Amino acid sequence: PSHATEHARMALADWEMRNDVYFSAKGAQKGVIPYEGIIIVMHPGCGKSEYGMHSEILLTNQDPQRQLLLIHAQGDVASEMKAYMAKCYDKNEAVGRRNAALFPGLCLHEKDNNAHSMRLIVGGVTNRAPTVKAVGAGEKKSGISSTDIYFDDPVDQSEASSEADRNRKVERIEGTWLARKRGHSGRIRWITTLWHEDDASCRKIKQAKLAAKTGGRQGVMWRVLRIGAGGPNDNFRPVWERAYNKEYLRRKFQSMGPID
């Protein structure tokens with residue numbers, strides 16, 4: 001597909017994050033400053049969620065004991081994403097049979113598979129904890145723990161016009177969801193579109209910039225990858241030309257208001 005190059009860039013940044021490879025003026029360094037996770041920024045409709053979902057499925061195949069907390073701005077979308085992951089372990093589904101051929105011994109626990117949760121059976125033994133929990137970023141829920149967290153578009157576009165909504169989202173993410181991560185071996189994947197310079201995603205990027213500037217003494221170390229479609233200074237270079245070509249980007253830019 002036309003966005004395969006962007007997926008390759010995301011995969012390389014993912015590898016850097018998971019192996020704590022840090023690039024500075026001194027060159028590549030490994031293990032100096034452990035990353036909290038990765039933040040990938042792209043515009044809507046370019047395949048970033050598709051990449052994120054399949055990456056999480058691959059990680060689960062490799063480590064089926066992991067506990068993933070899957071978060072989206074909209075709870076129903078998070079449930080849809082969880083449902084797709086469940087299909088990948090359901091041998092009644094074509095995608096599940098293909099996955100089982102590559103990773104035998106993993107299958108879905110049919111009685112513990114609902115809109116918000118799924119559990120795997122690994123080598124005939126049922127996992128003690130749910131494999132995936134799916135929630136809305138603004139929801140209030142307790143009793144959830146995880147080894148890894150996947151934020152897929154946790155910020156809604158509507159938050160761009162409401163400072164109160166932005167602050168509530170930040171409080172929920174910081175005070176509830178990030179506190180659910182247990183242990184130090186797992187990582188956080190944060191895939192997003194930026195809607196406002198002070199939304200939850202931008203605040204995380206500011207933390208990463210501070211950490212990079214201070215060598216990790218301040219802020220939080222994140223691997224940040226930004227893949228932007230070209231604006232007027234880049235001749236409106238498209239990231240995914242088949243879906244959003246140069247003329248579409250030009251018209252979109254001309255129609256944007258000051259908040260956009």
Side-chain angles (χ1 to χ4, degrees), residues 1 3 7 10-11 14-15 17-18 37-40 42 44-139 141 143-154 173 176-178 180-183 185-193:
H3 50 285
H7 283 191
M10 287 187 268
D14 244 340
W15 179 87
M17 178 269 294
R18 293 192 173 277
I38 186 170
I39 301 173
I40 297 175
M42 292 183 73
C46 58
K48 62 184 185 296
S49 294
E50 176 188 29
Y51 166 80
M53 279 297 303
H54 287 93
S55 295
E56 294 298 342
I57 292 166
L58 177 59
L59 289 172
T60 300
N61 288 338
Q62 295 170 336
D63 179 14
Q65 303 296 337
R66 71 196 291 251
Q67 299 171 47
L68 176 66
L69 179 57
L70 194 162
I71 302 172
H72 191 278
Q74 305 297 329
D76 57 343
V77 177
S79 293
E80 290 173 4
M81 296 169 67
K82 191 244 44 139
Y84 176 73
M85 287 193 72
K87 283 186 177 181
C88 292
Y89 299 97
D90 185 348
K91 294 181 180 178
N92 295 316
E93 300 282 346
V95 65
R97 291 191 292 271
R98 290 195 296 271
N99 194 55
L102 294 171
F103 298 92
L106 305 181
C107 65
L108 184 67
H109 191 294
E110 296 181 0
K111 293 183 179 180
D112 196 357
N113 175 36
N114 54 52
H116 306 291
S117 176
M118 61 168 268
R119 192 185 306 254
L120 289 183
I121 300 174
V122 182
V125 180
T126 302
N127 277 355
R128 295 180 60 184
T131 307
V132 180
K133 285 277 191 179
V135 298
E139 294 178 7
K141 289 193 175 182
I144 297 176
S145 63
S146 66
T147 58
D148 300 83
I149 303 177
Y150 173 32
F151 289 96
D152 183 273
D153 281 326
I173 288 175
T176 300
W177 302 128
L178 291 178
R180 302 298 181 190
K181 184 175 175 293
R182 304 289 184 260
S185 60
R187 300 298 170 91
I188 302 169
R189 187 194 309 271
W190 188 304
I191 296 183
T192 188
T193 296

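Not measured: the values here are computed from a predicted model.
Once rounded to the nearest 0.5 Å, the distance linking OG of Ser55 with NZ of Lys48 reads 14.0 Å. Atom-to-atom distance recorded for Asp14:CG and Leu59:CG is 7.5 Å, nearest 0.5 angstrom. Distance check: Ile191 CD1 to Ile38 CD1 gives 8.0 Å after rounding to the nearest 0.5 Å. Atoms CG and CG, on Asn99 and Leu58 in that order, are 9.0 Å from each other to the nearest 0.5 Å. Rounded to the nearest 0.5 angstrom, Ile71 CD1 and Leu178 CG are separated by 7.5 Å. Between the CG atom in Leu70 and the OG atom in Ser117 there is a gap of 11.5 Å [rounded to 0.5 Å].
Partners of Asp152 according to the salt bridge (Lys or Arg N to Asp or Glu O under 4.0 Å) rule, which considers only residues two or more places apart in sequence or in another chain, do not exist here. Shown here are the salt bridge (Lys or Arg N to Asp or Glu O under 4.0 Å) partners of Lys141, two or more places apart in sequence or in another chain: Glu139.
In terms of modelled atom types and a separation under 3.5 Å, the side chain of Ser79 and the main chain of His116 share no donor-acceptor contact. Side-chain atoms of Asp153 never come within 3.5 Å of backbone atoms of Ala73 as a donor-acceptor pair (strictly under, hydrogens ignored). Trp190 places no side-chain N or O within 3.5 Å of a backbone atom of Gly37 that could act as its donor or acceptor partner. Within the 3.5 Å criterion, the main-chain N or O of Leu69 finds no donor-acceptor partner in the side chain of Arg180. Counting only distance, with no hydrogens or angles, the side chain of Asn127 and the backbone of Pro64 share a donor-acceptor pair below 3.5 Å. Thr131 places no side-chain N or O within donor-acceptor distance of the main-chain N or O of Gln67, the cut-off being under 3.5 Å.
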Working note: Thr126 + Asp112, criterion side-chain contact (heavy atoms from CB on, under 4.5 Å); need CA distance, chi angles, decisive distance, verdict. CA-CA 10 Å; Thr126 302; Asp112 196 357; over 6 Å; no
Stepwise, does the side-chain contact (heavy atoms from CB on, under 4.5 Å) test hold for Tyr89 with Ile57? CA-CA 10 Å; Tyr89 299 97; Ile57 292 166; 3.8 Å; yes
Let me see the working for Tyr150 and Met53 under side-chain contact (heavy atoms from CB on, under 4.5 Å), right down to the final yes or no. CA-CA 9 Å; Tyr150 173 32; Met53 279 297 303; 4.0 Å; yes
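Contact annotation: the side chain of Ile144 approaches that of Val135 to within less than 4.5 Å [non-hydrogen atoms, C-beta and beyond]. Looking only at side-chain heavy atoms (C-beta outward), Phe103 and Thr60 stay at 4.5 Å or farther from each other.
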Would you list the atom pairs, donor with acceptor, under 3.5 Å between side chains in residues 80-87 and any protein atom, with sequence neighbours excluded?
unit_1 : atom_1 : unit_2 : atom_2 : d
Lys82  : NZ     : Asn113 : OD1    : 2.6
Lys82  : NZ     : Asn114 : O      : 2.6
Tyr84  : OH     : His54  : NE2    : 3.0

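Contact record, Leu106 with Lys91: O-CE, 4.3 Å, taken as the closest heavy-atom pair. Between Arg187 and Lys181 the shortest heavy-atom distance is N-CE, 4.0 Å. Residues Ala137 and Pro154 share a closest heavy-atom pair of CB-O, 3.7 Å. The two residues Trp177 and Ile149 have their closest heavy-atom pair at O-CD1, 3.4 Å.
Enclosure of atom CD in Glu110 is not indicated, since only 12 or fewer non-hydrogen atoms of other residues, nucleotides or ligands lie within 6.0 angstrom.
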